[in-house]
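What follows is a short report on a single structure.
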Amino acid sequence: MISVKHISKKFGKLEVLKDFSLEFELGNSYAIMGPNGSGKTTLIKTVLGMVIPDQGEILVKGVSVKGNHQYRSLIGYMPQIGRYPANMKIGQLFSMMKDMRPEIKVYDTELVEQFELEGMKDKALGTLSGGTRQKVSAALAFLFNPDILILDEPTAGLDPIAVEILKKKIKKEREEGKLILITSHILSDLEELTNRAIYLFEGEVFFADTIESLKEITDEDRFSPAIARLMQWTLKKNTAKKSMSHV
Amino acid sequence: MFKLLKYALYDIVKSRFALLYTLFMVLVAISIYQVSDDLGKVSLSLMNIMIMIVPLIAAVFATTHFFNNLEFIELMLAQPVKRIHVFLSQLLAVILMLSLALIVGFGLPMVLWGADSSLITLLVVGVVLSAVFAGFAFLASVYTRDKAKAIGISLSLWIYFSLVYDGLVLYIIYSFADYPLEKATLALMMLNPVDLGRVLMLMQLDISALMGYTGAFFQEFFSEFMGVTLAGGMLLLWVLLPAMLAMMKFKKRDF
Amino acid sequence: MKNLTKLTLFLLFCCSSLVLNAGQIRIKAGESIQKAVDRAVSGDTVILESGNYPESGIIIRKSISLIGENYPVLDGQGKGNVILVAGKNILIEGLKIINTGKSNMDDSAGIKFFDSEDCIIRNNILEETFFGLHFSNSKRLSILDNKINATSEREFEVGNGIHLWKCSHSVIANNQVSGHRDGIYLEFVTDTQAKENLIERNMRYGLHFMFAHDNSYIRNTFRQNGAGVAVMYTKNVLMQENRFEENWGASAYGILLKDISDSKVIGNIFLKNTIGIYMEGSSRIDFEENTFNENGWALKLMASCDQNLFQANNFTNNTFDISTNGSLVLNTLTENYWDKYEGYDLDRDSIGDVPFRPINLYSVIVEKIPASVILWRSFMVNLLDKMEKILPTLTPEDMMDESPKMKPYDFS
């Protein structure tokens, strides 16, 4: 579904992505992990077309994303911090988003209902709390029933009830065969929601495979220690890199 | 595109700034109308506002708005819409809001107490300069990642075009006083949108003085079809050039 | 008006007929005017019926009246003068005189007077004449209600509209002159009054006089003349309630005063001239109750002028109010209204408490480098000007109005 082919990206002198390749398949849910500055957000943004790679290409459904904008109707994106025009009301934001995808007529309003956003539709976005804004972002990401969901720290800032609602929804979508990319620092969430792990380190893919094989390779039974092990290995990166990285 | 513009405009028009700016313009216009005895004097007093304050506000506001709206711009970029459209909708919303504030702010007193051709010219100059400096501000904003830096650049551009440039021109005129300078100064005026706007106003307010000496050359130039077309064309270029440059950068910029 | 003219005509006719028992000669188109004039004796009236009289060089040397009915056309066909007059008590009225010669050699004119006295030239129309009405060495002339118009392209192709040389005690009133070199030209003319004339679109000056002492100019309008009005080498002039409008150009003036002294300029309106008044070598002139509005420079006062007084004038909407070329100030400015005055009036006597300096720094710069006018009203120039107002360096410190009015005068 998404093929990332040999992309590299520099921000000034800093090489954020180095000859980076990955495949994301429909029906899978990917946990994208890595320390701060390892390139997680940049990867997501290149897929969304917000960051333009210096080299390489990204194909979504076999079509290059370069200069293309239609493919984004396949993607539901929930940003890390959703900030919206302060004077716009929730209802207007939703109708604007619908306006931008005039070809889609059927909406998935499950989250809208469960987060009880309907009752707040006349509230201005500038007055919302961080949590409510996250709910809005989440509801928007799922609204168009997209094939691909990209969720950047989806549970951050949400109250426990909302987190459960969102997780349930993510699982449900995954079962329906969607492609889901999640970044998070909360490993338990990732374990629960994903079946594939991608670990980035200094702009390179350090690990990319199923969670089972991650556990196997690291000799750990549980997810968190496995990741911790990966982190340790990254310190000895140069030697481990070749044997570990999968493309 | 129009959908994007509609929502961007809706947000900006409802902002407190739009209201304050319009109110400020209304107050300025009213007080000037009250103090001055004739329309000529109203034009004169409003002129300094139009060629100094309006570009300043346009530059600062447009920069601030761009950075305040960065997350929203990012959200838009993740949607199935063209980048150019995102950019244009933001820029046009800013320009339209600034123009609207001017037209309402100055237009209202004009309707109430009358206007002449020089006041209408003034209003047009104000709108054009707003557009030019909003363009500059967006240009500064897309090339930097830091709001303070972008505001600094916008302010520098404003100071350059409204003060430093004229100082340089005066210096050049002084240095080459023995040569015929009319065409050279005219060309130099074309290279500064603020000067262009001001000279268009001079044609209305100081026509008698401009008819004397070499001034007649300027007057003739601006009363001919070619001259007016050239001046208008240059102003249009000044609106388009920064906007186009900013748009090109925006297309390639990372968010 | 027409009735009044008829009445005066009638009275005149009665008087002359009473005294001289005058006769009347009527001629029709095609007949010779010269022959009719030759036949007439002093006191007679020659009446021209309407129609075309192709004739030039008509000579009148006796006291007769030459009167046209419905403007008979005297067509000079481009040959010399149409009428030449030398005599006393001559009336010329109601004629339409066209196409004189166009030669500078003999100064061809519609009507040319030599050594004449007590003549009336009234209600005539002159078109395409080289000179319109040309008078020399004459006295007590009444030049009234004539319309004098030419349409030449270039200055040397046309003479003056009303031209007086060595004349005195005359009245020039209610005439319209356009398209000539100078509208009214007076040289060595004294004790003469020009009033309520409309002088516009002449090539050079609307009014031009030299060595023309003791004359007055009242309620005339001088508009869009090539170089405005220029008056020189004259004493004791009164200019009152005239309008000087829209004289635009590199050397166009409302009035150019050169070596004028002991005169009064009162209640005039200077509107939209490149320069309202330009004066050099002039002294002891009182300027009072004049309005200077929308001029490029209201006043250019050269340092060669002294003892002039500018009192109670309105200066409004001028680009520059005053400029000068020296630092010496020997003239007085007082109690004028300046719209650029930004002072205050704490004692509420309607006179500003701080003096006004009407000379703008930038006008000095523009004087030196004309092209710099294009930077006028820029922020930088405003700053320079504000600085100069606080610390005069380039502008003469003494050029100021100590008691500027807070409100404009109402002269209407």
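Keep in mind that the numbers below use all heavy atoms, side chains included, and drop hydrogens, waters and symmetry copies. Lettering follows sequence order; numbering is per chain, from 1.
The shortest side-chain heavy-atom distance between B:Leu75 and A:Tyr84 falls under the 4.5 Å cut-off. Contact of the B:Met76 side chain with the A:Met96 side chain is registered, since non-hydrogen atoms from C-beta on lie closer than 4.5 Å. With a 4.5 Å cut-off on side-chain heavy atoms, B:Lys82 and A:His69 count as touching. Taking the side chain as every heavy atom from C-beta outward, A:Met50 and B:Glu74 approach each other to under 4.5 Å. Side-chain contact check for A:Met100 versus B:Lys3: every heavy-atom pair is 4.5 Å or farther apart.
At most 12 heavy atoms of other shown residues, nucleotides or ligands fall within 6.0 angstrom of atom CD in A:Glu116. When the shell of 6.0 Å around NZ of A:Lys121 is examined, it contains 12 or fewer heavy atoms from other residues, nucleotides or ligands. Remark: B:Phe2 CZ is loosely packed, at most 12 non-hydrogen atoms of other residues, nucleotides or ligands lying under 6.0 Å away. The number of heavy atoms from other shown groups lying within 6.0 Å of NZ (A:Lys167) is above 12. A 6.0 Å sphere centred on CD of A:Gln70 holds more than 12 heavy atoms belonging to other residues, nucleotides or ligands. Residue A:Lys98 qualifies as enclosed at atom NZ: its count of foreign heavy atoms under 6.0 Å is above 12.
If you measure heavy-atom distances from A:Lys89 to chain B, the contacts under 4.5 Å come from the side chain alone. Both the backbone and the side chain of A:Ser95 come within contact range of chain B, with heavy atoms under 4.5 Å apart. Neither the backbone nor the side chain of A:Pro53 comes within contact range of chain B; no heavy atoms are under 4.5 Å apart. A:Phe144 does not touch chain B: none of its heavy atoms, backbone or side chain, sits under 4.5 Å away. Only the side chain of B:Leu4 comes within less than 4.5 Å of a heavy atom of chain A; its backbone N, CA, C and O stay farther away. Only the side chain of B:Lys6 has a heavy atom closer than 4.5 Å to any heavy atom of chain A.
In the model, A:Gln92 has a side-chain atom that pairs as donor or acceptor with a side-chain atom of B:Tyr10 under 3.5 Å.
For the pair A:Arg101 (side chain) and B:Pro80 (backbone), a donor-acceptor distance under 3.5 Å is absent. In this structure, B:Arg253 contributes its side chain and A:Ile52 its backbone to no donor-acceptor pair below 3.5 Å.
When the candidates B:Lys251, B:Arg83, B:Gln79, B:Arg16 are compared by the number of heavy-atom contacts under 4.5 Å with chain A, B:Gln79 comes out ahead. Of the listed residues A:Leu140, A:Asp99, A:Leu48, the one with more heavy-atom pairs under 4.5 angstrom with chain B than any other is A:Asp99.
Scanning both residues, A:Val51 and B:Phe255, for their nearest heavy atoms gives CG2-O, 3.3 Å.
Summarising the geometry, atom CD1 belonging to B:Ile12 is positioned 11.5 Å from atom CE belonging to A:Met88; distances are rounded to the nearest 0.5 Å.
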